[in-house]
Amino acid sequence: MDAPERARRENQPKSSAIPSELVIRDIAGERRIAIDGDSLAIGRSRENDVEIGDISSSRMHCKMTKIQGRWHIEDLRSRNGTLVNGILIRRQPLVPGDLIEIGKTQIFFGEIPEVHQRNSPAGETLVLSTEYFLEPIVVEEPADDPIRFQKEREIFLRLLELTRDLGAILVTEELFDVILQNVIEISGAERGFLIIEDSGELRVASSRNIDRDVVRRAHLQVSQSLTRRVIDSGEPVLTGDARSDPRFHESASIANLRLESVLCVPLRLRGKVLGSVYVDNRFEKHSFHQGTLRFVQFLADQASIYIENARLFEELQRKQAAIQASKDQVEDLNRELQAMLISREVEPEEVRELLKRGARPDLKHSFDRIVTRSPGMLRVFELLDRVINTDMPVLVLGESGTGKELVAQAVHVGSDRQHQPFVSQNCAAIPENLLESEFFGHSKGAFTGAHRDKKGLFELADGGTLFLDEIGDMSPDLQAKLLRVLEDGEFRPVGARDTIRVDVRIISATNQILDELVRTGKFREDLYYRLNVLTVQLPALRDRREDIPLLVDHFIDQVCSRQDRVRPKMDPRTLYALYHSPWPGNVRQLENEIERLVALSEGVILPETISPSVLAHGPGVGKGDSEPMRGTLRELVAEATEGLERQVLDATLEENGWNKSQTARQLGVSRPTLDQKIDKYGLKKKSDTGGGKRS
């Protein structure tokens, strides 16, 4: 506490009555709050006794407490601190007339001292408005003026707060608006413009007037010559009487706009000028002073950094979006190329070599046991690669047959637990009366038939990994017991007295929608969150068709190795049919089908040996998808192609109003060829009722 303040407090009359109210001044004006009780909480939250709308205040900023008949104020570890009479405090007793400051908000303890009052001609006290706090400051005037010192400190605190907040704005348009609005308020300008130089041209990126409205036709409201002077020189311009200023006698824009006061400062960054901040007043001379220039230039220099950061961030986002779009386009083109190659009579060996080109992503762990080049599966690998060496529970979602257990095994093999047991169990395959015994084991004599001690799944997997498949079918009773094991790492076998502690990593899987099961109460919510720490979604085989040739090749090798037989050749028509099947049973169905085809083949796997269920949903399905079409695969493909050709011809002719020459040019065929196909398919103009003359 400085000497004047100490003297003021010592000279405070001992008999002074304790103030019964607080006087609060902020940007909205002045209000009075009664002091009731023995404590008063102050802050931005509505939970406080005194709510402060200042964004500089913390939710619970400070509190006032009456101790032995005297009020004390204590800062509650606020973000920006609490000041009493301009001094940052932790805890402080209060005397009448003390000024408490929270950001830009003033709180007087009792009546307002004369030094903080402004008198009207009639002698009445005036409320400090926004203009009072933000009017321009002449820094050359004596620093012992307490009111001026207070205003200057307010602006400085505002600038510090603003420069911190600007770093969180990464959208240039929003950043421009925030910067300009604060410049107008700090300078007390009538209007403001933020101007950016773009490829040598000046562009008004943001404009505002004192009422926060956008200035209409903003590019015509600024002096181009003055702005260009600032940007080219990199030096600010301040003029209090622009039309009389000899520097601008030749500027027609200043005369036409009838400008009085103008302040324009450059936005500078590393020796480069990005643009300028331009404020003016068309009605008052000398509205801006050197103090105004100092604060606006400080804000402009800080703003230039954040503008460049936002630009770089937006450019990075654009580049990332372009890269992702290019990546998606390449993936789509690859799929189309693969489909085109497979649909032609290409040797399967050539297709396999095509699909095997290109390495997998650079991963720390190997997932070579899973045959894939699908982008969807590779994204799953990239996610698992980050957590494979942790004990984090993993929930694997996917349709039946998509390879959930294979993924669980890959996680176990790649982890630090690879030399410990991997135990797998399908929860739907255990009778309900044996669930507890299977999971936790039992002791001898625990129930009829328990002739010896038996270890449960958790004990068998101790130190390793326990894979629980189809957890959506787990009974509610077992869910509760499983939750206790996951929380405590302990369980008690059926019929035993002692508990057993285990260290097991849980990988669970289901083909059901667990969110829906939780919502309907069929699956415990707390267990769901225990298992759902990391979730991976495996794509269905129909969504990764590019893997079908690789999987076909892999399964043929496996079957031939098990049966010790010569590898048969694959007829291209067979590969085409397998590629285009929807495979509702996913990889498991494909594996079973390949084993069947290899067993039935005699040197060549022909399309005639494909299961009817596969062909029924393949590329030769009729329009209604209800009954399979009959015939060989080549006949079915030819029929489907002709149907598509007929539809394209008919639609193009109608689009061109049956102008055959234009239609032929559009389709890239000759006029005679077009006439031949029209006759072949019996096409007629829809407006012809009796098959009349064609154009």
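Note that the structure is a prediction, hence the values are computed from the model and not measured.
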Task: With sequence neighbours excluded, residues passing side chain to side chain contact (heavy atoms under 4.5 Å, CB included) with Leu257 - done: Gln221, Leu259
TODO: Answer yes or no: is there a side-chain heavy-atom contact under 4.5 Å between Glu190 and Glu284?
DONE: no
Task: Exercise: identify the closest heavy-atom pair between Ser287 and Ser261 - done: N-OG, 2.9 Å
- [ ] Report, as yes or no, whether the 6.0 Å neighbourhood of atom CZ on Arg258 holds more than 12 heavy atoms from other residues, nucleotides or ligands.
- [x] no
Open item on the list: Phe248: which residues meet the ring-ring contact (aromatic ring centres under 6.0 Å, His included) condition with it, sequence neighbours left out?
Closed with: none
Task: Listed partners of Leu269 passing side chain to side chain contact (heavy atoms under 4.5 Å, CB included), at least two apart - done: Leu274, Ser304, Ile305, Glu308
TODO: Mark yes when over 12 heavy atoms from residues, nucleotides or ligands other than Arg46 sit less than 6.0 Å from its CZ; otherwise mark no.
DONE: no
Open item on the list: Please check if the number of heavy atoms outside Arg59 that lie under 6.0 Å from its CZ is greater than 12.
Closed with: no
Task: Salt-bridge contact Arg379-Glu382 (side-chain N to carboxylate O under 4.0 Å) - done: no
- [ ] Kindly indicate whether the side chain of Glu111, heavy atoms from C-beta on, has any atom under 4.5 Å from the side chain of Glu21.
- [x] yes
Task: Under-4.0 Å salt bridge between Arg228 and Glu197 - done: yes
Task: Partner set under side chain to side chain contact (heavy atoms under 4.5 Å, CB included) for Ala205, not counting sequence neighbours - done: Phe176, Leu194, Ile196, Arg203
Open item on the list: Could you measure the distance from the CE atom of Met64 to the CD1 atom of Ile100? Nearest 0.5 Å is fine.
Closed with: 5.5 Å
TODO: Consider only side-chain N and O atoms of Thr82 and Asp75, and report whether a donor and an acceptor are under 3.5 Å apart.
DONE: yes
Open item on the list: For Glu201, is the CD atom crowded, meaning more than 12 foreign heavy atoms sit under 6.0 Å from it?
Closed with: no
Open item on the list: Any salt bridge linking Arg44 with Glu51? Criterion: basic side-chain nitrogen under 4.0 Å from a carboxylate oxygen.
Closed with: no
Open item on the list: Please enumerate all residues that pass side chain to side chain contact (heavy atoms under 4.5 Å, CB included) together with Asp213, with sequence neighbours excluded.
Closed with: Asn209, Asp211
TODO: In plain terms, say whether Arg311 and Glu314 are close enough for a salt bridge, that is, a side-chain N and a carboxylate O under 4.0 Å apart.
DONE: no
Task: 4.5 Å side-chain heavy-atom contact, Pro266 and Gln297 - done: yes
Open item on the list: Filter on ring pair (Phe, Tyr, Trp, His ring centres under 6.0 Å), then keep only pairs touching residues 187-210, sequence neighbours left out; what's left?
Closed with: Phe193-Tyr278
